[in-house]
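Just so you know, these numbers use all the heavy atoms, side chains as well, and skip hydrogens, waters and symmetry mates. Letters A, B, ... are given to chains in the order of the sequence lines, protein chains preceding strands, and every chain is numbered from 1. Predicted, not measured: the structure shown is a model, and the values here were computed from it.
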2 protein chains.
Amino acid sequence: MKFEAITIKDIARALDLSVSTVSKALRDSHEIGEETKQAVLIYAREHNYKPNPIAQSLKKGHSRSIGVIVCNIDNNFFSQVINGIESIAQSKGYNVIITQSRESYEKEVSNSEHLSSRSVDGLIISLSSETKNIDHLKRLYEKGLPIVFFDRITDEIPTHRIIANNFKGAYEATRHLIQQGYRKIAHITSSDSLSTTSERLAGYKQALIDAGISIDERYIKFCLHGGMIREETHEALAELLQLPERPDAIFTASDRLSTTTLSQLRIMQIPIPRDIALVGFTNSISADIFNPSLTSVVQPAMEMGQQATEMLVSLIESRRPVTQFEKRVLETQLQIRDSSQARQSPSP
Amino acid sequence: MKFEAITIKDIARALDLSVSTVSKALRDSHEIGEETKQAVLIYAREHNYKPNPIAQSLKKGHSRSIGVIVCNIDNNFFSQVINGIESIAQSKGYNVIITQSRESYEKEVSNSEHLSSRSVDGLIISLSSETKNIDHLKRLYEKGLPIVFFDRITDEIPTHRIIANNFKGAYEATRHLIQQGYRKIAHITSSDSLSTTSERLAGYKQALIDAGISIDERYIKFCLHGGMIREETHEALAELLQLPERPDAIFTASDRLSTTTLSQLRIMQIPIPRDIALVGFTNSISADIFNPSLTSVVQPAMEMGQQATEMLVSLIESRRPVTQFEKRVLETQLQIRDSSQARQSPSP
DNA sequence: AGGCGTCTCGCAATCGTTTTCGTAAAAAAA
DNA sequence: TTTTTTTACGAAAACGATTGCGAGACGCCT
């Protein structure tokens, strides 16, 4: 199967001009006479000429495309971020290549290399939960590939970063549970290598401390795969429930973790929030129709994607090496629903 | 910022060879002596040489990438399909470029043209709900671009297609509602230009006919934007509720439509299924934790993506023009949950 | 020694576009 | 008229990789 389009050469032949003349006419160069220019333009329009972006990329050394690596698009937070990325990229004439690491370090490495060799002009990435070593990204960075981190970021590479205010989001979520009368608040979170995990964990702890509640490490459960493996969350939850001082509330730190925990609690027929209250860190668009509707810390995902893309494009299009890097922090929003209704019976 | 990688030219210079020799050595040509070959291979490995895919695309006329157009990745069905596409594409050495039409005809046109001009080797597409005219795809098809349709397909282009058994899925969903004791079953569906809409509508009607229930056209509501615009669904629902013979059950025909309808019913404080039962055509991974848990027709989305990709790759890699085209139909699965519990009070 | 084949390798064209530079012819200045 | 400037275009070299073809070098046979 062959896909053949009209090229500059065809126009040149048809109009008895040279390719260089046609190229310049198309780009509206001052070197070309008005008559010739018009002739070329008209011919091009009539024959629906489209410059070959592959050839342009080769010549110009960039592809006007940006690569995106997220752990999973099957997740409201990331798909909303991607929507934001796409909207800005489109408006700036970039095209977006989306890949998924599926929380695997290896896939993240191979994806990043694949993208760079496909000569994307820049990379927007949220680290996988398995990733501890970022040499693969350092290599690309040192070769000059502009990178912007979002959500799960690293401090090891000096570049733009954008995150939600994870500390404050987690702090407010926890404080909310406390205000609702809960005291034994557990925290189910992702891999401890993630920046989001430590920030949210810190916010959770601070809220407890500020309320004079001591921190019980047994109440903190890490799920290395961030809820991608259901059994992992299941186990963490089971351990929590078997504790002598069973928690009366759980604060889950990620999208998938929240839905999985809710689902599991319902399977175990544990009434929410009567036996255990729940607050999630989730952008699920269906949190309002969950049973019970889920109180959630919502991130400005779309905006995060938009701003990440703007920062990346400014990096790509900057004429001189950028040395001043920014770390933007976007505010989260606590949406209060039924899963964190005030505690009924007083604490024993 | 400049991104510089090692090229064949660099290797040639370093080893005092010609570029053609290096190129042939890299491709393990028989024309090149064993010694030279090894020298090149070793040097290439040590310096982490990666052929420039842009240059290869230009030269070879293909890019080993496939384009995907869906209306929205922020949707469990499509993101699952994409997961399927990605898994097969990856294993066959193709890379995937995902774009969203966001149910807009114009975006679908511009995306398809952009993808083809970026010389993807093939296209996997599910039509947008606005799309009535597919000349833009016919143009690409006639130029020789392999295309595979999934989910929302068309008969106007002779090529491979893959869908769920929409008729049967809708039939079973409706029959289930009937068996549960409902008689006044409404249907909220997407744009009537979509193949999925007419197939599911037909299944719905057939189930009613087979049960001896007459079809009331007032019970059938089309949402042109497939639930993307909340007000649209809201209005459809409101009209349904104001009917003299208010329906006692609703069968929604798409992912977003189902969640929006459920959400809206809850806002209106209409008990489900007591006042109105609900069955959705949805792949939501959270249907089990909805309130009430949502009975759903689930499509084998991942498998659909995988098979679509296999069909596309076979089209791309076929040496001779393909003339025999296939229309695969995958079976759906009815997951029964609380939203369709048997009717309590007898029909008036 | 001459003829022939084999083995290695380089030359040059090619993909489609951009860009630098050179150069006719026309126009303006002398 | 001669010289200079401007205008309008073409030739050619890139970008990085691939590939058909030609050509030395060597060995083998007659």
**Message:** Is it true that A/T21 and A/S18 share a donor-acceptor pair across their side chains at a distance under 3.5 Å?
**Reply:** yes
**Separation of atom NZ in A/K59 from atom P in C/dT17, rounded to whole Å** = 13 Å
**Request:** Report the distance from atom CD1 of A/I6 to atom C1' of C/dT17, rounded to the nearest whole Å.
**Result:** 14 Å
**Asked** Just checking, is any N or O donor in the side chain of B/T131 or B/E108 under 3.5 Å from an acceptor N or O on the other one?
**Response** yes
**Request:** Could you tell me the separation between the NZ atom of B/K9 and the P atom of D/dA17, rounded to a whole number of Å?
**Result:** 9 Å
Show me the donor-acceptor pairs, under 3.5 Å and distance only, between side chains in residues 25-35 of chain B and residues at least two apart or in other chains.
| from | atom 1 | to | atom 2 | distance (Å) |
| --- | --- | --- | --- | --- |
| B/D28 | OD1 | B/K37 | NZ | 3.1 |
| B/S29 | OG | B/E31 | N | 3.0 |
| B/E34 | OE2 | B/Q38 | NE2 | 3.4 |

List, with names and distances, any nitrogen or oxygen atoms from the protein found under 3.5 Å away from nitrogen or oxygen atoms belonging to nucleotides 20-24 of chain C.
| from | atom 1 | to | atom 2 | distance (Å) |
| --- | --- | --- | --- | --- |
| C/dT20 | O4 | A/K24 | NZ | 3.2 |

Please list, one pair per line, the donor and acceptor atoms closer than 3.5 Å that link side chains of residues 89-96 of chain B to other protein atoms, with sequence neighbours excluded.
| from | atom 1 | to | atom 2 | distance (Å) |
| --- | --- | --- | --- | --- |
| B/S91 | OG | B/I88 | O | 2.8 |
| B/Y94 | OH | B/E317 | OE2 | 2.9 |

**Message:** Is the phosphate of C/dT18 approached by A/Q56 (side-chain N or O, under 4.0 Å from OP1 or OP2)?
**Reply:** yes
**Item:** For atom CD1 of A/I54 and atom P of C/dT17, their distance in whole Å
**Value:** 11 Å
**Item:** Under-4.0 Å side-chain N/O to phosphate OP1/OP2 contact, B/Y49 with D/dG16
**Value:** no
**Request:** List for me each residue that meets ring pair (Phe, Tyr, Trp, His ring centres under 6.0 Å) alongside B/Y105, sequence neighbours excluded, and say none if there are none.
**Result:** B/H136
**Closest listed nucleotide, where the reference is the side chain of A/N52 and the choices are D/dA17, C/dT18, C/dG16** = C/dG16
**Item:** Nucleotide nearest A/S18 (side chain, heavy atoms from C-beta), chosen from D/dC15, C/dT17, D/dG10
**Value:** D/dG10
**Nucleic acid contacts of residues 33-42 of chain A, taken as heavy-atom distances under 4.0 Å to DNA chain D** = A/G33, A/T36
**Prompt:** Which residues pass the salt bridge (Lys or Arg N to Asp or Glu O under 4.0 Å) test with A/D10, sequence neighbours left out?
**Reply:** A/R13
**Complete:** With the side chain defined as heavy atoms from C-beta on, A/R27 is closest, among C/dT18, D/dG16, C/dG16, to C/dT18
**Request:** Answer yes or no: is there an ion pair linking B/E103 with B/R152, defined by an N-O contact shorter than 4.0 Å?
**Result:** yes
**Request:** Mind checking A/L17 for me? I need base, sugar-phosphate or nothing, with any heavy atom below 4.0 Å counting as a touch.
**Result:** sugar-phosphate
**Prompt:** Which whole-number value in Å describes the distance from A/I32 CD1 to C/dT18 C1'?
**Reply:** 13 Å
**Side chain to side chain, B/V70 and B/S101, heavy atoms closer than 4.5 Å** = no
**Asked** Looking only at N and O atoms, is any donor in the side chain of A/K60 or the base of C/dT18 less than 3.5 Å from an acceptor on the other one?
**Response** no
**B/F150 and B/F78 aromatic ring geometry - parallel, tilted or perpendicular at 30°/60° bounds** = perpendicular
**Message:** Base, sugar-phosphate or nothing for A/T7? Non-hydrogen atoms, less than 4.0 Å.
**Reply:** sugar-phosphate
**Fill in**
To the nearest angstrom, the CZ-C1' distance between A/R64 and C/dT17 comes to 16 Å
**Request:** Please report the shortest heavy-atom distance between A/D151 and A/T196, naming the atom on each side.
**Result:** O-CG2, 3.2 Å
**Rounded distance (Å) that lies between atom P of D/dC9 and atom CG of A/L26** = 14 Å
**Request:** Can you tell me the distance, in whole Å, between the NE2 atom of A/H30 and the P atom of D/dT5?
**Result:** 17 Å
